[in-house]
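Beneath this line is the structure, given in C-alpha cells, with notes to follow.
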Amino acid sequence: MKRKNSQINRRNFVRHSVGAGVGAWALDRLPKTEMSSQSRSAGGPIIMTSHSNDTASDAMGQGWSILAGGGSSLDAVERSANVIEVDPNDSGVGNGGLPNENGVIQLDSSIMDGKTYNAGAVAAIENIKTPCSVARLVMERTDHVILVGQGALDFAISYGFEEVDLHTERSRNAYLRWREEHSDRDDYGPPDHLTAPDGEEEDYDDIPFHYGTTNVLAVDSHGDISGITTTSGLSWKINGRIGDSPIIGAGLYVDNDIGAAGATGRGEDVIKCCGSFYIVMRMSQGRSPQQACEDAIEFIVHKYRNVNPNFFPSEKFVAINKDGEMGCASMGSNRIPSMTVRNSDGLRIEEGVRTQYTG
Ligand code: GLY
C-alpha cells in the first residue's frame, strides 16, 4: 500500500484581522478574531533559523560570531546553513537527507542577498554536502539564478566541491524499508509480505515521511538582510521533483528595504502562492512579520478550502524585518512551531503561532 501524507484532523482556525492590500480580498472571507500574538522585537544584528535542535543552536552560534564581528548577513547565513546541511543526523537537509523514489538524495537550495537584490539556487543537485554554497556561487559568479541536476553538479565540481555519497546508514535503511513497504504490487518486501524470514513481523510504522527543509535569515550591523533555504525535499519524491526551496519568491525571498521570509512544508502549496514573496509584500503593507506569516497560512487555507474542505496545509513560515522583528506560523502540525534565534541578548528558542480553523 502506498504511503500517503498523513491525514490531518480538522482543526480550529483562528482568523486574524488583516489590512487592505494584496490578498486582503481573499483573507476577508475567512472567520475573524483578534490577533493572538505579536512579532518578537529583537533588533539587529540578528540571525534565526526555522530549525530548533542542538545543531540549530550550534549553527546560530557560528552565524552570530560573524555578525558580532561586523561581518555580513550573507556570510552569516551561509556559515549557519552549512552547519545544518552537513549534520548527518538531520534527515531533511543536505547530508543524510531522505532520498527520492529511486533512493537518490537530490537537494534543493537557494540564497538571496538583500544588499544586491541578487539570488542564486540549485535544484535536484546530487552528491554535494553544502548546496547553499553552490547556490551562492550561482548568484555571485554567473548571471543565472537557478542551475538544476547534472548542470548544477558539474558547476559545483568546477569550483572544487567534493562529490560524496550523501547517504548515511540511517537514510539508506529508511529507503530500503520504504521500498519494501510502499507497494504490495512489486517484488520488494520480506517473504509473505511484512513477515521477516525468522517469522517475526517487521515494524514499518516508523518509516519517516517529511518535507525537511531549513530557513536561515539574518540582519547584519549595516542593516543588510540575507536568507537561505535548503533541503533534501519531500521524502520518496518522484525522481526530478523540485520543491519550493530553490524557487525565489516561494521558499525564500529577501528585500533589503523590508525584510525576509522562508518556507518549510509542502513545497507545492508554497510555489502556487509565492509564499515567501507574499509574506514580504504583506510586511511592506505594514503587517508585522508574525502577522504576515499567519496571513500566508490563511491564504493557502482559503484557496484549498474551495477545492477540498478537509485539506490542511503543512507549511511553516518564518520571517524577519529590517528592525529585527520576527515571526513564525504553521498549520497542520501537532507541534507549536518554533525558531532558534541569536542576537546580543543571547541564544534562545522562540515559539511561533499554530493557526487553527473554526469554519
Ligand atoms: N519545502 C520543501 C519541499 O517541499 O521540498
Side-chain angles (χ1 to χ4, degrees), residues 49-50 72-82 84-86 92-95 97 100 104-159 161 166 211-218 225-234 237 240-256 260-280 315 317-318:
T49 175
S50 56
S72 72
S73 56
L74 194 63
D75 288 341
V77 294
E78 182 185 13
R79 170 85 66 85
S80 294
N82 283 165
I84 297 170
E85 287 176 326
V86 301
V93 180
N95 185 38
N100 66 16
V104 179
I105 300 172
Q106 295 186 328
L107 308 178
D108 298 338
S109 188
S110 62
I111 187 167
M112 192 158 181
D113 178 3
K115 186 178 174 184
T116 60
Y117 197 61
N118 206 352
V122 290
I125 190 171
E126 298 172 13
N127 300 341
I128 299 293
K129 273 187 177 177
T130 52
C132 77
S133 294
V134 186
R136 181 170 178 174
L137 283 169
V138 173
M139 175 175 76
E140 294 183 333
R141 310 307 298 183
T142 81
D143 67 356
H144 301 332
V145 173
I146 307 179
L147 295 181
V148 62
Q150 187 64 45
L153 178 60
D154 291 345
F155 177 80
I157 291 169
S158 75
Y159 279 93
F161 282 79
L166 298 177
Y211 297 96
T213 314
T214 195
N215 319 113
V216 183
L217 309 176
I225 310 169
S226 301
I228 283 174
T229 294
T230 189
T231 187
S232 52
L234 170 65
K237 59 196 172 186
R241 177 263 190 193
I242 64 171
D244 57 318
S245 302
I247 309 294
I248 300 300
L252 176 70
Y253 192 71
V254 180
D255 184 321
N256 227 33
T264 64
R266 202 176 95 98
E268 283 72 11
D269 302 336
V270 180
I271 291 170
K272 285 186 278 187
C273 77
C274 304
S276 295
F277 180 77
Y278 180 80
I279 290 169
V280 174
E315 285 70 60
F317 293 107
V318 293

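Side-chain atoms are counted along with the backbone in the values below, which use heavy atoms only and exclude waters and symmetry mates.
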Evaluation steps, side-chain contact (heavy atoms from CB on, under 4.5 Å), between Val138 and Ile111: CA-CA 9 Å; Val138 173; Ile111 187 167; over 6 Å; no
Contact summary for [X] and [Y], nearest pair of heavy atoms:
X	Y	value
Leu217	Gly262	CD1-N, 4.3 Å
Thr142	His144	OG1-N, 3.0 Å
Gly97	Ile105	O-CD1, 3.1 Å
Ile146	Pro246	CD1-O, 3.6 Å
Leu252	Gly227	CD2-O, 3.4 Å
Tyr211	Thr213	O-OG1, 2.9 Å

Ser50 and Asn215: side chain donor to acceptor below 3.5 Å: yes
May I ask you to decide if [Y]'s main-chain N or O and [X]'s side chain share a donor-acceptor pair within less than 3.5 Å?
X	Y	value
Thr229	Gly251	yes
Ser110	Ser245	yes
Glu315	Arg266	yes
Glu78	Cys132	no
Lys237	Gln106	yes

Give, for atom [atom1] of [X] and atom [atom2] of [Y], the distance between the pair rounded to the nearest 0.5 Å.
X	Y	atom1	atom2	answer
Asn95	Ile84	CG	CD1	13.5 Å
Ser80	Ile228	OG	CD1	8.0 Å
Asp154	Ile125	CG	CD1	9.0 Å
Met139	Asp113	CE	CG	5.0 Å
Arg79	Ser72	CZ	OG	10.5 Å
Phe155	Phe161	CZ	CZ	8.5 Å

Lys/Arg-Asp/Glu bridge criterion (N-O < 4.0 Å) met for Glu268, Arg241: yes
Chi angles and distances behind the side-chain contact (heavy atoms from CB on, under 4.5 Å) call for Leu166, Leu107: CA-CA 10 Å; Leu166 298 177; Leu107 308 178; 3.6 Å; yes
Residues Phe317, Val270; criterion side-chain contact (heavy atoms from CB on, under 4.5 Å); working and verdict: CA-CA 10 Å; Phe317 293 107; Val270 180; 4.2 Å; yes
Qualifying residues under side-chain hydrogen bond (donor to acceptor under 3.5 Å, both in side chains), relative to Thr264, sequence neighbours excluded: none
Results of side-chain hydrogen bond (donor to acceptor under 3.5 Å, both in side chains) for Ser276 - residues two or more places apart only: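 Ser276: no side-chain hydrogen bond (donor to acceptor under 3.5 Å, both in side chains) contacts found.
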Working for side-chain contact (heavy atoms from CB on, under 4.5 Å), residues Ser232 and Val93: CA-CA 5 Å; Ser232 52; Val93 180; 5.6 Å; no
Residue from Thr231, Leu234, Val122 passing side chain to side chain contact (heavy atoms under 4.5 Å, CB included) with Asp108: Thr231
All pairs passing salt bridge (Lys or Arg N to Asp or Glu O under 4.0 Å) where residues 137-152 contributes a residue, at least two apart: Arg136-Glu140
Test item: Asn82 and Ser133 side chains (from C-beta on) under 4.5 Å apart, heavy atoms: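 Yes, their side chains come closer than 4.5 Å.
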Glu85 and its side-chain hydrogen bond (donor to acceptor under 3.5 Å, both in side chains) partner, picked from Thr214, Thr230, Thr130: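 Single pass found, and it is Thr230.
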